[in-house]
Amino acid sequence: MKNIVGNKINAIVESITPVTESIKRFKFIPEDGGEMPVFAGGAHIVVEMPDGDIIRRNPYSLMGNIDDRSSYSISVLQVKEGRGGSNYMHNNVKEGDKLTISYPVNLFALGWKAHKHLLIAGGIGITPIISQAQTLMQRMLPFEMHYIARSEEKAAYLNELSQLYGKRFHFHVRNKNSRWSVDPLLLNQPVGTHVYACGPEKLMNNVVDTCTQAGWDKSTVHIERFLAPASGKPYTIELKESQKHITVRKNQSMLEAIEQAGVNPPYLCRGGACGQCETQVVSFSGTLSHHDHFLSDEEKASGKKIMPCVSRVEGDNPHIVLER
Amino acid sequence: MYAVNLEPHTPVKKGSVFEFPFDVDEHYVSEMKDRALVLDEDPLRCQSLPHMEAAGWDTLELIMESKAAAYPEHFSLSKDGDKWRWINRPMGIDDTFIFGNTSTLPYGPMEYITRQAQGDFAVLDQRDGNLWMDAGIVTTQADWSLDFDIGMNFFEWHAPVPLAHELGIFKRALKFLLNVQHGKPARRLNWTMTINPRLDTSPENYHKWGKDRLTVTPENVGEKVYLRVELQTFWRLPRSNGLLFPIRCYLISMEELSSIPKWGCRLHRVLGSLPQELRDYKGLTSYIDDTVAWLSKFDQGQETSPGTFPD
Ligand code: HEM
Ligand code: FES
């Protein structure tokens with residue numbers, strides 16, 4: 001019954017394949033040899049990485065073959081200046097290693113009422129778009145896919161995608177010399193189109209702004225944001241209900257520090273988008289540095305709520321008391 | 001009074017209805033025959049809007065995998081790529097089909113598998129931060145209608161329920177449901193009462209069962225009045241990101257129920273303190289006083305043990 005009901009999956013890293021200079025693909029198989037739970041376009045898993053005395057948990061989009069239940073694949077872009085999750089995957093994880101991963105979660109699902117699906121990916125944002133395209137192909141639904149990258153060399157899976165999807169697939173270089181714009185594309189879509197965008201903040205904001213101005217219904221614009229948690233100076237937290245005092249380190253998120261102390265708030269995206277980790281603030285000193293896309297501006301200004309997966313406390317004597 | 005009574009749908013007790021994700025019991029074959037008859041008479045009891053096809057395959061996959069694992073003596077599922085073979089021994093079914101290809105099944109995927117699964121099913125599409133009743137099969141319901149509710153959202157189909165909206169129950173419940181995850185199904189219990197052991201108390205057939213409510217007398221409460229408990233579960237569907245909502249109904253007469261002293265005592269207290277709005281909404285008004293009086297002999301003010309299982 002494990003494919004239907006369960007909590008976490010014990011996986012083995014079956015293979016690690018370099019894709020570009022800075023992207024590697026990791027293929028996981030279940031340790032017990034059975035099947036992986038079903039997933040569809042847009043789903044992600046959370047990979048647990050035991051890094052010294054802490055456990056990092058990073059979300060990665062699933063991009064293997066959706067019909068092949070024997071394995072899962074993810075692609076990881078190494079962010080050298082990042083907090084460590086992608087560096088850990090690139091430098092520490094070896095073929096044959098055992099890792100714990102979550103069941104698939106989908107916060108970027110396809111809208112089934114769409115008449116047409118417009119997929120837009122920037123850079124590593126291609127990973128959830130790949131599985132969405134597979135799902136759409138499988139169900140024989142109309143779609144068009146646009147992939148934007150700095151150069152052909154940096155564009156993971158470029159050849160495969162152009163072969164698989166032929167004239168449905170469009171590649172655009174965007175760098176200092178070539179300013180491809182997404183606007184004309186968005187402004188020339190038939191009624192009933194849903195747009196899906198994943199990539200750099202700028203691209204996604206561009207898509208949202210253009211669609212909003214053009215009067216697209218909010219429900220037809222789908223955005224996948226995976227913010228990396230911000231780094232910053234260490235600060236202290238008091239958890240009121242669990243009566244714990246903890247320190248958040250420089251390269252640690254508030255959520256990771258809370259988990260390290262043995263308290264487990266709910267989460268899904270770990271990227272400031274889904275709202276699951278929302279936590280009440282009892283009091284604080286310093287300033288709240290909100291990095292999420294979930295709370296409204298008023299809620300952020302009120303100082304009463306925080307999303308610990310991405311946000312921090314900064315300023316003088318940074319300290320926060322949370323209702324947890 | 002209503003509450004947001006939701007918990008993880010995890011196995012509880014061997015032999016109980018909570019042992020397996022989808023309970024199959026001794027009424028299986030007869031309930032499935034009943035369903036087929038109801039559908040013959042009234043095809044609108046089963047509907048699926050065009051965009052719910054993927055969710056239909058999800059439903060078929062979930063129920064087949066679950067039943068084959070839980071009851072291998074009755075059900076088996078074998079796969080050769082996308083060619084699936086499904087054997088349902090109690091119903092004498094042995095079908096081979098292509099997963100994902102509706103033309104290889106005698107019905108749509110949701111209808112095909114729920115003609116072989118006890119309980120009603122609503123299949124919800126999740127979009128715009130809401131759930132939409134865009135497919136379902138409903139033949140054993142407590143006075144609501146799929147044909148009326150089809151295409152409605154969570155707040156719209158719950159509109160007739162008194163008091164709960166004001167208590168904020170539906171807002172909280174929806175927030176919970178939108179975040180139900182694959183691998184972590186949830187459940188809740190709901191209850192009402194029915195006269196005679198009749199599963200189909202639909203608005204469509206009100207003329208057949210509505211008048212039964214007037215046949216209750218202080219003498220026949222024990223055999224006429226039934227408690228109707230619905231085991232409702234919530235499943236994230238991984239291909240469509242929809243939500244499956246099976247409603248499994250169990251009926252027990254007052255006589256049989258009160259053979260467990262704890263149950264007789266508890267029901268006496270619940271019915272005795274039920275707000276008027278809920279008496280009316282649940283349709284108990286004409287016979288609840290007789291039922292409370294009949295149950296009073298089981299309630300001597302004693303304490304009852306926690307949980308729902310007999311002592
Ligand atoms: C998506 C899943 C659900 C579906 C499809 C569903 C459907 C329904 C329907 C069709 C009714 C009958 C309304 C009428 O009178 O016409 C109903 C009643 C009700 N529902 Fe839900 N429901 C769902 C989830 C929930 C949840 C999570 C709660 C949690 C609090 C809830 C609480 C209730 C209550 C309290 C009633 C009144 C029942 C009674 O007193 O007999 N429902 N529901
Ligand atoms: S876990 Fe999704 S917002 Fe924090």
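So that the names make sense, note that chain A is the first sequence line, chain B the second, and so on, each numbered from 1.
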Partners meeting side-chain contact (heavy atoms from CB on, under 4.5 Å) with A:Ser73 (sequence neighbours left out):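 Here the qualifying residues are A:Arg25, A:Lys27, A:Met63.
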
Among all residues two or more places apart in sequence or in another chain, which pass the side-chain contact (heavy atoms from CB on, under 4.5 Å) test with A:Ala197?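 side-chain contact (heavy atoms from CB on, under 4.5 Å) list for A:Ala197, sorted by chain: A:Ile120, A:Met204, A:Val207, A:Ile223.
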
Under 6.0 Å between the ring centres of A:Tyr72 and A:Phe39?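 Yes, the ring centres sit under 6.0 Å apart.
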
With side chain to side chain contact (heavy atoms under 4.5 Å, CB included) as the test, pick out the partner of A:Met49 among A:Ile55, A:Asn58, A:Thr100.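 Single pass found, and it is A:Asn58.
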
Option that, when pairs with chain B are counted at under 4.5 Å, heavy atom only, ranks first among A:Thr135, A:Asn7, A:Leu110: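 With the most close heavy-atom pairs to chain B, the winner is A:Asn7.
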
Largest heavy-atom contact set with chain B, pairs under 4.5 Å, which of A:Arg139, A:Lys218, A:His222: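 Heavy-atom pair counts peak at A:Arg139.
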
What part of B:Ser240 gets within 4.5 angstrom of chain A, counting heavy atoms only: side chain, backbone, both, or neither?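 Contact with chain A: backbone and side chain both.
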
Given that the side chain runs from C-beta out, which part of B:Ala68 has a heavy atom under 4.5 Å from chain A: side chain, backbone, both or neither?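 No part of it gets close to chain A.
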
So which residues of residues 124-134 of chain B are in contact with chain A at a heavy-atom cut-off of under 4.5 Å?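 Listed by number, the contacting residues are B:Asp125, B:Arg127, B:Asp128.
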
At a heavy-atom separation under 4.5 Å, does A:Asp68 approach chain B through its side chain, its backbone, both, or neither?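 Neither part; nothing is under 4.5 Å.
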
Can the positive tip of B:Lys184 be found less than 6.0 Å from the middle of the six-membered ring of A:Tyr103, inside 45° of the ring normal?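 Ring-cation test returns yes.
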
Residues in salt bridge (charged side-chain N to carboxylate O under 4.0 Å, His left out) with B:Lys175, at least two apart?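 Checked B:Lys175 against salt bridge (charged side-chain N to carboxylate O under 4.0 Å, His left out); zero matches.
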
In a check of ring pair (Phe, Tyr, Trp, His ring centres under 6.0 Å) between B:His9 and each of B:Phe245, B:Phe234, B:Trp235, which one passes?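 It is B:Trp235; the other options fail the test.
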
Test item: A:Leu141 and A:Trp112 side chains (from C-beta on) under 4.5 Å apart, heavy atoms: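 Touching, per the 4.5 Å side-chain cut-off.
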
